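Worksheet: one structure, shown below.
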Amino acid sequence: MGIVLVVASVLMGALLVSRLAETTPVLVARSPIVPGDVIGPENLATVEMRLGEQDGLYVGSLDAVPSGAVATRTVQAGELIPLSAVGQASDVPLRPIVIPVDATVAESVAPGATVELWHTSPEADDGTSADAELLVSAGIVRNIDEGSSLGMRSMAVEVLVPQADLPAVLKVLSRDERLDVIGVPGAHGVAP
């Protein structure tokens, strides 16, 4: 009887060790992927991971990505691609808008970062101070255009804006008034 228990415990131990050593291929982002970006081989790599029971939560290969699939949320560089972040363009409730910027932006304003858009109204003719108003509390930076060194083109930040906030942003831009792009510390690994 004792030998049977020893053999059974050795077999169970061997099975457990083999299960723990089992790896699964999974896709990882090479660079930030923002909502609406096509999910394709140019921004992905395959790595072997020990995911255990969580292997069904992540995309294992490019074959598992439907044709025309886009990111439905931001996936940072080095992050595993969750199945919940893969969808179709119609699943993304954000719209891109280009914000002209007069000066450089903070380091926290980078592709994939969460930002706020603030409107500062111009000073009134009677000398009344300008008011600041938060227009977008959770925009996502899609791209930063540094402009040209010759001053032919100024810096601009492309921000993905929730559809509900779009009219207020477009109104400010149509009046050539100032919009500030402010990084949100702590969002998506951005340090304060």
Side-chain angles (χ1 to χ4, degrees), residues 9-99 104-117 136-147 155-163 165-166 181-192:
S9 65
V10 168
L11 289 174
M12 291 299 286
L15 179 63
L16 180 63
V17 168
S18 72
R19 298 266 334 232
L20 290 175
E22 223 174 79
T23 61
T24 304
V26 64
L27 296 179
V28 63
R30 289 184 183 164
S31 58
I33 302 171
V34 298
D37 281 356
V38 173
I39 297 177
E42 63 281 351
N43 52 13
L44 301 172
T46 302
V47 296
E48 292 284 331
M49 302 280 299
R50 282 185 228 147
L51 297 175
E53 295 176 9
Q54 297 182 11
D55 67 345
L57 301 177
Y58 299 97
V59 180
S61 70
L62 280 172
D63 295 335
V65 177
S67 178
V70 300
T72 57
R73 71 161 182 85
T74 301
V75 180
Q76 295 297 329
E79 185 180 346
L80 301 179
I81 307 296
L83 287 171
S84 62
V86 178
Q88 297 299 314
S90 60
D91 300 328
V92 180
L94 304 170
R95 297 296 176 259
I97 191 87
V98 177
I99 311 295
T104 60
V105 293
E107 275 186 44
S108 59
V109 178
T114 299
V115 295
E116 297 174 340
L117 295 182
V136 177
S137 61
I140 299 171
V141 176
R142 182 176 207 161
N143 186 38
I144 298 176
D145 181 352
E146 300 289 339
M155 184 177 193
V157 179
E158 183 179 358
V159 178
L160 296 170
V161 175
Q163 284 178 312
D165 297 332
L166 198 55
V181 181
I182 310 295
V184 178
H188 302 292
V190 176

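In this text the structure is predicted, and so the values were computed from the model without any measurement.
Between the CD1 atom in Ile140 and the OG1 atom in Thr114 there is a gap of 5.5 Å [rounded to 0.5 Å]. If you take CZ on Arg142 and CD1 on Ile33, they are separated by 12.0 Å, rounding to the nearest 0.5 Å. Rounded to the nearest 0.5 Å, atoms OG1 (Thr72) and CG (Asp91) are 6.5 Å apart.
Taking the side-chain hydrogen bond (donor to acceptor under 3.5 Å, both in side chains) definition, one finds that Asp165 meets it with nothing, sequence neighbours left out. The side-chain hydrogen bond (donor to acceptor under 3.5 Å, both in side chains) check on Glu48 picks up Thr23, with sequence neighbours excluded. Residues satisfying the side chain to side chain contact (heavy atoms under 4.5 Å, CB included) test with Ala89, not counting sequence neighbours, are none. Here Ser61 pairs with Asp63, Ala64 under the side chain to side chain contact (heavy atoms under 4.5 Å, CB included) rule; sequence neighbours left out. Applying the salt bridge (Lys or Arg N to Asp or Glu O under 4.0 Å) test to Glu116 and every residue at least two apart in sequence or in another chain returns nothing.
The minimum heavy-atom distance linking Ser108 with Ala113 is given by the pair O-CB, 3.2 Å. Of all non-hydrogen atoms in Thr74 and Gly112, the two that sit nearest each other are CG2-O, 3.3 Å. Between Val109 and Gly183, the shortest heavy-atom distance links the atoms CG2-N, 3.7 Å. In terms of heavy-atom proximity, Pro25 sits nearest to Thr46 at CB-CG2, 4.0 Å. The minimum heavy-atom distance between Ala110 and Val141, with the atom names listed, is O-CB, 3.2 Å.
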Residue pair Leu83, Leu57: steps toward the side-chain contact (heavy atoms from CB on, under 4.5 Å) verdict | CA-CA 6 Å; Leu83 287 171; Leu57 301 177; 5.8 Å; no
Show your working on side-chain contact (heavy atoms from CB on, under 4.5 Å) between Val28 and Ile81 and close with a plain yes or no.
-> CA-CA 6 Å; Val28 63; Ile81 307 296; 5.8 Å; no
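For the pair Asp37/Val75, no side-chain contact is recorded, criterion being any heavy-atom separation below 4.5 Å from C-beta on. Side-chain contact between Leu27 and Val65 is present, with at least one heavy-atom pair separated by less than 4.5 Å. Taking 4.5 Å as the limit, some side-chain heavy atom of Val181 sits within range of a side-chain heavy atom of Leu117. Pro35 is not listed as a side-chain neighbour of Val70, based on a closest heavy-atom distance of 4.5 Å or more.
Around atom CD of Gln88, more than 12 heavy atoms belonging to other residues, nucleotides or ligands sit under 6.0 Å away.
Side-chain atoms of Ser31 never come within 3.5 Å of backbone atoms of Asn43 as a donor-acceptor pair (strictly under, hydrogens ignored).
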Atom pairs and distances, side-chain donor-acceptor, residues 155-163, under 3.5 Å, sequence neighbours left out:
none

